[in-house]
Amino acid sequence: MARLLRSATWELFPWRGYCSQKAKGELCRDFVEALKAVVGGSHVSTAAVVREQHGRDESVHRCEPPDAVVWPQNVEQVSRLAALCYRQGVPIIPFGTGTGLEGGVCAVQGGVCVNLTHMDRILELNQEDFSVVVEPGVTRKALNAHLRDSGLWFPVDPGADASLCGMAATGASGTNAVRYGTMRDNVLNLEVVLPDGRLLHTAGRGRHFRKSAAGYNLTGLFVGSEGTLGLITATTLRLHPAPEATVAATCAFPSVQAAVDSTVHILQAAVPVARIEFLDEVMMDACNRYSKLNCLVAPTLFLEFHGSQQALEEQLQRTEEIVQQNGASDFSWAKEAEERSRLWTARHNAWYAALATRPGCKGYSTDVCVPISRLPEIVVQTKEDLNASGLTGSAHPAAGERWGGVRADQSLGQQEARGGLGWRIVLSSGPPGSIVGHVGDGNFHCILLVNPDDAEELGRVKAFAEQLGRRALALHGTCTGEHGIGMGKRQLLQEEVGAVGVETMRQLKAVLDPQGLMNPGKVL
């Protein structure tokens, strides 16, 4: 069916590839003038430096600049831009903050990059209904600053101060997902400009109900679509009451196994933890140095609890009992906002802490997610694979000595370090890698550092990532928990959902985007 639709489309739109007679990076003058007529001359750029800024994200994928960048000011302009590109067969690439990790903004076929950051209004706040409507230029930090005095907050927190509509487009989640869910659980409605310029409200105009059994779930279709089905120009989000009290805690463990086992036991005990994050000893050392912490260089859990004062005391007591049963040490908690912020800022900066250990390199982050029961197995095996592959420093207990950690002043990579209780850690000569993750929902990342100009090194990193993705699939998990498919996981997507699943996606894509103009080269 999809092939028939594509064939028919080619006959209907013979001008597909409007700029094919020119080199990539050039658009016909009349077309550029038509763009300026829609958004104004000051909101269109064909400058090389601007195009290059919009042709890359935080991933290892090489820069693929668009032919032009436009900054619409409202949904009407977005609709007119889409219709113009649709008539002329020009690809469209949506752009938010550029913090993605899968090459989602790379313009692999050239075209027009639609930068939506100038649309930055909070359109409607419904405090009694716990919902808010925002435009694409509103980031999660900006929204929570706006909500500060309302008693409400938006908890989905991927670390980066990303665009909320971009977070919807990629199906983002982050550190609070174990308690509050992902973007899929917190998007109530979307305003979407379809490829031909038509405007769609996925749950109906202005609606912000909590549940519905009316027809197909169009909102769910566009959440996680990565800009391949349309341009999200507004999202209606579910808000949550701000917690009465908050406490953060950290604890170090004798092994990766012990840390991840503790995660599973905490969840099985029904402790309503709000955040539970894992950092291995390599990442812990990087965070110590980058964020000036003084934690043990050992497998570590960062936790956070929300609730009343009495509830927090019960949660902390039960959690401390569980982690101590798994050999944890150095259990400490932070009640003051400043200290909590310091800990979570360090966790959110883990990506940059890792990059700082090898200046000039790019980061490659895996993103597998497995059922909680399989989490200890895959994390332990992945750590062993990292050690064996030369993609990380190796860490092992010194012979005849008890386990322990090294303090931050005994930094990895600067010396052979033996802590008071016995770890000897020696970095290999390969690109350093580490493990960090939102283990409360079975999702973790290996952050591998690579010279993108070194084909052999890049090949080893990609081979490791594919092997890990297939191991997650074998354990009934997914190749991507929150980063999306983008350019690099398309083969794994086929293995995950099967031939019929991929063909169904292709058919949906062909109906909504028959010319294949929306963010080509991604997902499918």
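Everything quoted here is computed from the prediction, not taken from an experiment. Only heavy atoms go into these numbers, but all of them, side chains included; no hydrogens, no water, no symmetry mates.
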Student: Apply salt bridge (Lys or Arg N to Asp or Glu O under 4.0 Å) to residues Glu336 and Arg340 and explain how you reach the verdict.
Tutor: CA-CA 6 Å; Glu336 298 302 321; Arg340 293 200 316 269; over 6 Å; no
Student: So, Tyr290 versus Trp351, ring centres under 6.0 angstrom or not?
Tutor: no
Student: Any chance the rings of Tyr180 and His240 have centres within less than 6.0 Å?
Tutor: yes
Student: Can you check whether Met505 reaches Lys509 side chain to side chain, under 4.5 Å on heavy atoms?
Tutor: no
Student: Quick check: closest heavy atoms across His208 and Thr236, and the distance to 0.1 Å?
Tutor: CB-CG2, 3.8 Å
Student: Counting C-beta onward and ignoring hydrogens, is there a side-chain heavy-atom pair between Asn115 and Val70 closer than 4.5 Å?
Tutor: no
Student: Give the minimum heavy-atom separation between Ile485 and Cys479, together with the two atoms involved.
Tutor: CD1-SG, 3.9 Å
Student: One pair to check against salt bridge (Lys or Arg N to Asp or Glu O under 4.0 Å): Lys522 and Glu226. What are the steps and the verdict?
Tutor: CA-CA 8 Å; Lys522 320 299 164 42; Glu226 301 184 40; over 6 Å; no
Student: Could you tell me if Asp367 and Thr480 have a donor-acceptor pair between their side chains, going purely by distance under 3.5 Å?
Tutor: yes
Student: Scan side-chain atoms only and decide if His438 and Glu482 contain a donor-acceptor pair under the 3.5 Å cut-off.
Tutor: yes
Student: For Gln325, enumerate each residue passing the side-chain hydrogen bond (donor to acceptor under 3.5 Å, both in side chains) test, keeping only those at least two apart in sequence or located in another chain.
Tutor: none
Student: Could I get the full list of salt bridge (Lys or Arg N to Asp or Glu O under 4.0 Å) partners for Glu496, not counting sequence neighbours?
Tutor: none
Student: Where do Glu339 and Ala334 come nearest, in terms of heavy atoms and distance?
Tutor: CG-CB, 3.4 Å
Student: Under the side-chain contact (heavy atoms from CB on, under 4.5 Å) criterion, do His483 and Ser365 qualify, and how do the steps go?
Tutor: CA-CA 9 Å; His483 296 166; Ser365 177; 3.3 Å; yes
Student: Side chains of Gln381 and Glu377 only: does a donor on one sit below 3.5 Å from an acceptor on the other?
Tutor: no
Student: Quick one, Thr478 and Asn443 - any side-chain contact, counting heavy atoms below 4.5 Å?
Tutor: no
Student: Rounded at 0.5 Å granularity, tell me how far CG in Leu200 sits from OG1 in Thr233.
Tutor: 9.5 Å
Student: May I ask you to check whether over 12 heavy atoms, not counting those of Trp344, lie within 6.0 Å of atom CH2?
Tutor: yes
Student: Donor-acceptor pair, Ser150 side chain versus Leu147 backbone, under 3.5 Å?
Tutor: yes
Student: Would Glu277 and Arg347 pass as an ion pair if we require N to O under 4.0 Å?
Tutor: yes
Student: Are the side chains of Gln268 and Val264 in touch, meaning some heavy atoms are under 4.5 Å apart?
Tutor: yes
Student: Should Glu191 and Leu199 count as side-chain neighbours, where that means a heavy-atom distance under 4.5 Å?
Tutor: yes
Student: Using a strict cut-off of less than 4.0 Å between a Lys/Arg side-chain nitrogen and an Asp/Glu carboxylate oxygen, indicate whether Asp157 and Arg275 qualify as a salt bridge.
Tutor: yes
Student: In terms of side-chain heavy atoms, does Asn189 have a donor or acceptor partner in His201 at a distance below 3.5 Å?
Tutor: no
Student: Does Arg80 pair with Glu76 as a salt bridge, N-O distance under 4.0 Å?
Tutor: no
Student: With a 6.0 Å cut-off (strictly less than), is the heavy-atom count around CZ of Arg205, excluding the residue itself, greater than 12?
Tutor: no
Student: Identify, with sequence neighbours excluded, every residue that meets side-chain contact (heavy atoms from CB on, under 4.5 Å) alongside Gln73.
Tutor: His43, Trp71, Gln77, His118
Student: For residues Thr117 and Asp120, determine if any side-chain heavy atom of one lies less than 4.5 Å from a side-chain heavy atom of the other.
Tutor: no
Student: Is Cys165 close to Thr235 at the side-chain level, that is, under 4.5 Å between some pair of heavy atoms?
Tutor: yes
Student: Kindly compute the distance separating CD1 (Ile93) from OG1 (Thr228), expressed to the nearest 0.5 Å.
Tutor: 12.5 Å
Student: For Arg490, is the CZ atom crowded, meaning more than 12 foreign heavy atoms sit under 6.0 Å from it?
Tutor: yes
Student: Before you tell me yes or no, could you show the steps for Leu303 and Ile266 under side-chain contact (heavy atoms from CB on, under 4.5 Å), namely the whole-Å CA-CA distance, both residues' side-chain angles and the distance that decides it to 0.1 Å?
Tutor: CA-CA 11 Å; Leu303 306 100; Ile266 290 167; 3.9 Å; yes
Student: Can you check side-chain contact (heavy atoms from CB on, under 4.5 Å) on Leu164 and Phe154, steps first, answer last?
Tutor: CA-CA 10 Å; Leu164 291 161; Phe154 185 70; 3.6 Å; yes
Student: If every non-hydrogen atom of Pro243 is compared with every non-hydrogen atom of Gly307, which pair is closest and at what distance?
Tutor: CB-N, 4.2 Å
Student: So, do Val156 and Asn186 sit near enough that their side-chain heavy atoms are less than 4.5 Å apart?
Tutor: yes
Student: For residues Ala162 and Met167, report the shortest heavy-atom separation together with the two atoms involved.
Tutor: CB-CG, 3.8 Å
Student: Given side-chain contact (heavy atoms from CB on, under 4.5 Å), test Val273 with Phe305 step by step and report yes or no.
Tutor: CA-CA 5 Å; Val273 62; Phe305 306 90; 4.1 Å; yes
Student: Kindly state whether the ring of Trp153 and the ring of His146 have centres lying under 6.0 angstrom apart.
Tutor: no
Student: Looking at every non-hydrogen atom in both residues, tell me the closest pair between Met183 and Ala168 and how far apart they are.
Tutor: CE-N, 3.7 Å
Student: Determine the sole option in Ile322, Leu301, Val178, Asp441 for which the side-chain contact (heavy atoms from CB on, under 4.5 Å) test with Thr263 is passed.
Tutor: Leu301
Student: Ignoring hydrogens and angles, state whether a donor on the side chain of Ser173 or Thr182 is under 3.5 Å from an acceptor on the partner side chain.
Tutor: no
